[in-house]
Amino acid sequence: MHSSTKFLTGHGAALSGVIVDGGSFDWEGSPRAYPGLTAPVAPGKPSYAQAYGKRALEAYMRFGIVNDLGAALSPVNSFLLQQGIETLSLRMRQHLANADAIARWLAEHPVVESVDYAGLPSSPYHRIAQERFGGHAGSVFAFTVRGGRAGAERFFDALQLISRMTNIGDVRSMALHPATTTHVSFSAAERERLGITDGLIRLSVGIETVDDLIADLDRALQAAAR
Ligand SMILES: *Cc1c(COP(=O)(O)O)cnc(C)c1O
């Protein structure tokens, strides 16, 4: 299952998802029950697994889920997704180049405590990014600003170009403060265990001109230091 809401659509304009199935899973032989695929669809009728074999999941999705329950993508959202996919390779090149330049710049900044980005040689995940992703480390990563929560607050208040937004994989750059948003319901001890400190800031780096993004980050980091 893949969320096509993010980079595939690319513009934060539509929600959608993709299911990819190789047809090799043994639904009937599995120790876990999948009655939707293995039980008769009606008394005396074969199950999806019996009727469709390798294409059982696809048939179940098409006829059992989309047809009967209506979980179909709207035409406009389908259009947005398809149009987004046409520029995916171009956008990803810019996302990756911008993220790499910004991570390296942040790592040298005096107001930044640390940067969690697998593209940096100092990252414990650097070797994995090299081996599995051709050295590319995506454009979503986090860094820690000095000054804890107060520093993070001043940083966010000073941003002008980068949006304060929860989404990721959008062409626009976005920043989020996990400790007070996505992970606010976690206890302080649990956040600590997960490495979600009060100064942690998550970035989803977009495709804007990188100098403009760095200027915005620099202004916000200078505000954080005050
Ligand atoms: C990813 C995301 C969603 C959900 O989209 P999915 O297609 O389920 O991944 C919803 N809201 C926000 C802010 C998101 O970033």
Side-chain angles (χ1 to χ4, degrees), residues 1-22 34 36 57-58 60-62 64-92 94-96 98-99 102-103 106 115-119 125 129 132-133 136-145 149 152-153 155-157 159-186 190-191 194-208 213 216-217 220:
M1 283 190 279
H2 195 87
S3 170
S4 44
T5 304
K6 314 297 181 189
F7 291 96
L8 284 168
T9 298
H11 298 73
L15 292 167
S16 60
V18 179
I19 297 171
V20 180
D21 176 39
Y34 293 96
L57 182 67
E58 179 198 344
Y60 174 68
M61 291 295 163
R62 282 187 190 280
I65 302 294
V66 175
N67 199 68
D68 293 353
L69 301 181
L73 202 53
S74 82
V76 169
N77 283 12
S78 304
F79 168 75
L80 291 168
L81 172 58
Q82 285 192 311
Q83 198 176 51
I85 289 171
E86 289 172 5
T87 57
L88 179 67
S89 60
L90 283 174
R91 284 185 286 107
M92 286 318 297
Q94 182 82 0
H95 277 296
L96 295 171
N98 280 0
I102 288 172
L106 285 171
V115 180
D116 303 302
Y117 175 69
Y125 307 107
R132 305 211 188 147
F133 305 113
H136 300 307
S139 83
V140 179
F141 65 92
F143 69 95
T144 301
V145 67
R149 177 161 173 176
E153 260 176 42
F155 172 89
F156 272 91
D157 286 345
L159 286 175
Q160 290 181 9
L161 174 61
I162 298 171
S163 309
R164 289 166 282 188
M165 189 61 71
T166 321
N167 194 22
I168 57 171
D170 192 310
V171 288
R172 290 152 288 236
S173 292
M174 294 164 295
L176 169 138
H177 187 238
T180 55
T181 57
T182 51
H183 294 75
V184 70
S185 63
F186 290 50
E190 187 68 355
R191 281 200 299 271
L194 296 169
I196 300 168
T197 58
D198 286 347
L200 189 78
I201 291 164
R202 187 190 79 184
L203 286 181
S204 176
V205 178
I207 64 170
E208 303 92 334
L213 293 173
D216 200 35
L217 289 166

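As the structure lists them, so they are numbered: ligands from 1, and atoms in each ligand from 1. Because only heavy atoms are used, hydrogens play no part in the values below, and waters and symmetry mates are left out as well, while side chains stay in. Nothing fancy with the numbering, it's 1 onward along the sequence.
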Exercise for review: Compare all side-chain heavy atoms of H11 with those of L80 and state whether any distance is below 4.5 angstrom.
Suggested key: no
Check your understanding: So, does R149 use its side chain to make a donor-acceptor pair with the main chain of D198 at under 3.5 Å?
Key -> no
Exercise for review: Compare all side-chain heavy atoms of L106 with those of L203 and state whether any distance is below 4.5 angstrom.
Suggested key: yes
Practice item. Identify whether the distance between the nearest side-chain nitrogen and carboxylate oxygen of D157 and R164 falls below 4.0 Å. Key: yes
Review point. Is V20 close to H2 at the side-chain level, that is, under 4.5 Å between some pair of heavy atoms?
Key: no
Point to revise | Pocket residues of ligand 1, ordered first by chain and then by residue number (heavy-atom cut-off under 4.0 Å) | key: S3, T5, K6, L15, S16, T166, N167
**Study point:** Nearest heavy atoms of F141 and D116, plus distance in Å
**Key:** CB-O, 3.3 Å
